Enquirer: 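Pasting in a structure now, in structure tokens, and then I'll have a few things to ask.
Numbers for residues simply follow the sequence, beginning at 1. Since the structure is predicted, the reported quantities are computational estimates derived from the model, not experimental observations.
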Amino acid sequence: LLSCSCLPDSREDLDPPCTAENKQEIERQCNVLKSDKFQVCHSLVNPDDFIEICIYDMCQYDGMKSALCDIVQVYVDTCKNHGITIKWRNSTFCPLPCPSRSHYKDCVSACPSTCSDIFASSLCEKTEECTEGCECDDNYVLSNGNCVSLSSCGCRDDDNNYYSVSSLWNKSLTSK
């Protein structure tokens with residue numbers, strides 16, 4: 001007869017490496033998941049395990065705010081998988097950095113307007129699904145991942161080919 005048994009887990013890293021001073025502050029920050037903002041999801045997704053992971057990670061990384069934001073994002077994504085959308089970011093709590101000439105929105109179009117298709121967002125299939133992200137400011141559209149002014153966009157010919165301003169400029173120089 002063969003008998004197998006598991007050895008006890010004797011790793012030293014099971015308890016978060018926190019000092020007494022910073023553990024209390026870290027616990028306070030991670031307990032944001034128990035706040036009213038996230039209450040709507042508590043019956044479907046218990047925040048306790050997420051808080052425990054948050055405390056461990058923040059202790060491990062000496063209170064790094066991105067560890068808190070990452071675990072809150074995972075909790076919110078888990079809630080979303082259960083059909084609950086939570087608007088949780090703001091300019092002071094885990095702001096999402098956006099490139100110049102753009103701003104954060106909790107629900108952005110899956111098909112943003114671009115130089116080659118300025119009407120994309122208005123013609124996009126409207127769905128219930130949306131995601132948070134950065135959206136170009138008014139009178140700006142995406143071009144190669146950057147928000148540029150509409151006046152910087154090129155144009156289309158009769159065959160619907162798109163030409164950037166720089167390619168038009170180069171063509172006019174070479175055709176002279």
Side-chain angles (χ1 to χ4, degrees), residues 4-115 120-121 124 126-149 152:
C4 294
S5 63
C6 294
L7 296 173
D9 191 346
S10 58
R11 291 178 296 176
E12 293 176 13
D13 65 348
L14 291 179
D15 289 320
C18 266
T19 62
E21 310 88 67
N22 69 357
K23 186 169 185 190
Q24 215 171 12
E25 174 59 19
I26 286 171
E27 284 176 345
R28 186 193 65 74
Q29 290 179 57
C30 291
N31 276 323
V32 70
L33 287 174
K34 289 186 176 179
S35 70
D36 290 346
K37 186 179 289 276
F38 303 96
Q39 182 77 39
V40 66
C41 189
H42 289 173
S43 62
L44 294 171
V45 181
N46 186 334
D48 292 341
D49 290 339
F50 293 85
I51 291 168
E52 193 176 313
I53 294 166
C54 176
I55 292 167
Y56 185 90
D57 286 357
M58 284 191 73
C59 287
Q60 185 72 39
Y61 297 106
D62 200 27
M64 195 164 65
K65 283 277 191 265
S66 62
L68 169 66
C69 297
D70 288 348
I71 198 68
V72 172
Q73 180 68 63
V74 172
Y75 184 78
V76 168
D77 289 345
T78 305
C79 292
K80 191 171 189 168
N81 290 339
H82 285 81
I84 295 173
T85 301
I86 300 172
K87 296 177 182 178
W88 63 282
R89 289 187 195 270
N90 61 42
S91 60
T92 57
F93 185 71
C94 300
L96 193 67
C98 289
S100 62
R101 297 179 294 278
S102 69
H103 56 279
Y104 170 79
K105 280 186 77 173
D106 53 25
C107 184
V108 295
S109 172
C111 346
S113 296
T114 63
C115 274
S121 61
C124 186
K126 300 288 185 227
T127 63
E128 294 293 314
E129 290 296 311
C130 71
T131 184
E132 66 177 355
C134 299
E135 181 176 84
C136 290
D137 295 340
D138 288 344
N139 298 316
Y140 287 86
V141 294
L142 274 179
S143 178
N144 296 324
N146 298 309
C147 293
V148 299
S149 67
S152 298

Enquirer: Rounded at 0.5 Å granularity, tell me how far CG in D48 sits from CD1 in I53.
Expert: 11.0 Å

Enquirer: Above 12 or not: heavy atoms from other molecules or residues under 6.0 Å from CG of N90?
Expert: yes

Enquirer: So W88 and F38, would you call those rings parallel, tilted or perpendicular, with 30° and 60° as cut-offs?
Expert: tilted

Enquirer: Tell me the closest heavy-atom pair linking P47 and K34, and the distance in Å.
Expert: CG-CG, 4.4 Å

Enquirer: What are the two closest heavy atoms between I26 and C18, and how far apart are they?
Expert: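 Closest approach of I26 to C18, heavy atoms only: CD1-SG, 3.9 Å.
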
Enquirer: Is there a donor-acceptor pair under 3.5 Å between the side chain of R101 and the backbone N or O of D137?
Expert: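 No.
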
Enquirer: Side chain of Y61, backbone of S66: donor and acceptor closer than 3.5 Å?
Expert: no

Enquirer: Give a yes or no on this: more than 12 heavy atoms of other residues, nucleotides or ligands lie within 6.0 Å of atom CD of Q24.
Expert: no

Enquirer: Quick one: pull up CG in N22 and CD1 in I55 and give me the separation to the nearest 0.5 Å.
Expert: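 Separation between the atoms: 11.5 Å.
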
Enquirer: Go through it in stages, so that I can follow the logic: the residues are H82 and T78, the test is side-chain contact (heavy atoms from CB on, under 4.5 Å), and I'd like the CA-CA distance, side-chain angles, deciding distance and then a yes or no.
Expert: CA-CA 7 Å; H82 285 81; T78 305; 4.3 Å; yes

Enquirer: L68 vs C54, test: side-chain contact (heavy atoms from CB on, under 4.5 Å). Steps then yes/no.
Expert: CA-CA 6 Å; L68 169 66; C54 176; 3.6 Å; yes

Enquirer: What's the spacing between C94 SG and Y104 OH if we round to 0.5 Å?
Expert: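 OH of Y104 is found 10.0 Å from SG of C94.
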
Enquirer: Is there a donor-acceptor pair under 3.5 Å between the side chain of H42 and the backbone N or O of D36?
Expert: no

Enquirer: Please name the pair of heavy atoms, one in F50 and one in I71, separated by the smallest distance, quoted to 0.1 Å.
Expert: O-CG1, 3.5 Å

Enquirer: Measure the NZ-CZ distance between K65 and F93 for me, rounded to the nearest 0.5 Å.
Expert: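 That separation rounds to 8.5 Å.
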
Enquirer: Considering non-hydrogen atoms only, spot the tightest contact between K37 and I86 and give its length.
Expert: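 Heavy-atom minimum between the residues: O-CG2, 3.6 Å.
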
Enquirer: Side chains of D77 and Q73: is there a donor and an acceptor less than 3.5 Å apart?
Expert: yes

Enquirer: Given the rule in the side-chain contact (heavy atoms from CB on, under 4.5 Å) test, do N81 and V45 qualify, once you have shown the distances and angles that lead to the verdict?
Expert: CA-CA 10 Å; N81 290 339; V45 181; over 6 Å; no

Enquirer: Decide if atom CD of Q39 counts as having more than 12 heavy atoms of other residues, nucleotides or ligands within a radius under 6.0 Å.
Expert: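 Counting other residues, nucleotides and ligands, CD of Q39 exceeds 12 neighbours.
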
Enquirer: Rounded to the nearest 0.5 Å, what separation is found between the CG atom of N31 and the CZ atom of R28?
Expert: 9.5 Å

Enquirer: Just how far is it from atom NZ of K23 to atom CE of M58, taken to the nearest 0.5 Å?
Expert: 13.0 Å

Enquirer: Provide the closest heavy-atom pair for L96 versus G133 in the form atom of the first, atom of the second, distance.
Expert: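 Shortest heavy-atom separation between L96 and G133 comes out as CD2-CA, 3.9 Å.
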
Enquirer: Specify the closest pair of heavy atoms between V141 and S113, including all atoms of both residues, with the distance to one decimal.
Expert: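 Heavy-atom minimum between the residues: CB-O, 3.6 Å.
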
Enquirer: Start with the C-alpha gap between V108 and C134, add the side-chain angles, then the distance that decides, and say whether side-chain contact (heavy atoms from CB on, under 4.5 Å) holds.
Expert: CA-CA 7 Å; V108 295; C134 299; over 6 Å; no

